[in-house]
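First up is the structure itself, then whatever we jot down about it.
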Amino acid sequence: MKIAVTYENGEIFQHFGHTEQFKIYNVEDGKIVSSETVSTNGSGHGALAGLLLSLNVDVLICGGIGGGARAALSEAGIKLYGGVQGSADKAAESFVSGTLDYNPDAECEHHGHHGEGHDCGNHSRCH
C-alpha cells in the first residue's frame with residue numbers, strides 16, 4: 001500500500017490543490033517501510049489526482065480539498081482522508097495503526113478565502 005500526504009516542512013499542507021510536494025509512504029505488513037518526498041512539478045488541482053495515480057497511491061491524507069479534486073480522487077480509486085493537521089509522519093503512522101483523526105466533510109475548508117472563484121457545491125460548511 002502507498003499513502004500520500006500533502007507535504008510542506010514536515011507538516012500536512014492544508015490546501016490540496018496548491019501543494020508543491022507529497023510525501024509518499026510505502027506500507028508493508030502493517031508497517032511503514034520507506035518514504036520519499038515527490039515534487040508536484042507545478043501540477044495543480046485536477047492534475048494532482050493523475051500524478052498520485054501514476055505513483056500507484058492508494059490513500060491520500062490532506063487538509064482542505066475542493067469538490068472537483070475529491071471527485072477526481074474518487075474516480076482514480078484513491079481513498080481520501082481530509083481535514084488532517086500536524087505532522088505528516090505522525091498522520092501516516094496513525095493511519096497505519098488505525099487511529100487517524102480525520103474529517104470526512106473537509107472538502108470545503110479554505111475555499112472562498114483566496115478569491116479563485118471555486119464553487120464547493122454550497123455545502124453548509126463553506127464560508
Report task. Indicate yes or no: at least one non-hydrogen side-chain atom of C62 is less than 4.5 angstrom from one of L80. Result -> yes

Query raised in the report: When hydrophobic residues are tied together by side-chain contacts of less than 4.5 Å, even through go-betweens, does V5 share a cluster with V38?
Result: no

Report task. Determine the interplanar angle of the F22 and F16 rings, folded into 0 to 90°, and report it as parallel if under 30°, tilted if 30 to 60°, perpendicular if over 60°. Result -> tilted

Query raised in the report: Do E20 and F13 have side chains that get closer than 4.5 Å, going by heavy atoms?
Result: no

Query raised in the report: Has the side chain of T6 got a donor or acceptor atom that lies under 3.5 Å from a matching backbone atom of Q14?
Result: no

Query raised in the report: Measuring from L48:CG to L53:CG, what's the distance to the nearest 0.5 Å?
Result: 12.5 Å

Report summary line: Smallest heavy-atom separation, R70 atom then P104 atom, equals NH2-O, 3.2 Å

Requested in this report: Take V27 and V33 through the test side-chain contact (heavy atoms from CB on, under 4.5 Å) and record every step on the way to the result.
Outcome: CA-CA 6 Å; V27 179; V33 294; over 6 Å; no

Report task. Compare all side-chain heavy atoms of I24 with those of L55 and state whether any distance is below 4.5 angstrom. Result -> yes

Query raised in the report: Do M1 and V96 have side-chain heavy atoms sitting under 4.5 Å apart?
Result: no

Query - I3 side chain reached by V57 side chain, heavy atoms, under 4.5 Å - result: no

Report summary line: Nearest heavy-atom contact between G82 and Y102 is O-CB, 3.4 Å

Requested in this report: State the OG-CD distance between S34 and E28, to the nearest 0.5 angstrom.
Outcome: 7.0 Å

Requested in this report: Enter the distance from Q85:CD to D101:CG here, rounded to the nearest 0.5 Å.
Outcome: 10.0 Å

Report task. For the residue pair E93 and I32, establish whether any side-chain heavy-atom pair is separated by less than 4.5 Å. Result -> yes

Query raised in the report: CG/N9 to CD/Q21 distance, rounded to the nearest 0.5 angstrom?
Result: 8.0 Å

Query - Pair N103-Y81, side-chain hydrogen bond (donor to acceptor under 3.5 Å, both in side chains): steps then yes or no - result: CA-CA 7 Å; N103 177 357; Y81 295 85; over 6 Å; no

Requested in this report: Decide if atom CG of D58 counts as having more than 12 heavy atoms of other residues, nucleotides or ligands within a radius under 6.0 Å.
Outcome: yes

Requested in this report: Mind listing the closest non-hydrogen atom pair of I12 and A91 along with its distance?
Outcome: CD1-CB, 3.6 Å

Query raised in the report: What distance do K31 atom NZ and N26 atom CG have between them, rounded to the nearest 0.5 Å?
Result: 15.5 Å

Query raised in the report: Can I78 and V59 be said to form a side-chain contact (heavy atoms from CB on, under 4.5 Å), step by step?
Result: CA-CA 5 Å; I78 297 170; V59 169; 5.7 Å; no

Query raised in the report: Do you reckon V84 sits in the same ILVMFWY cluster as F95, going by side-chain contacts under 4.5 Å, direct or chained?
Result: yes

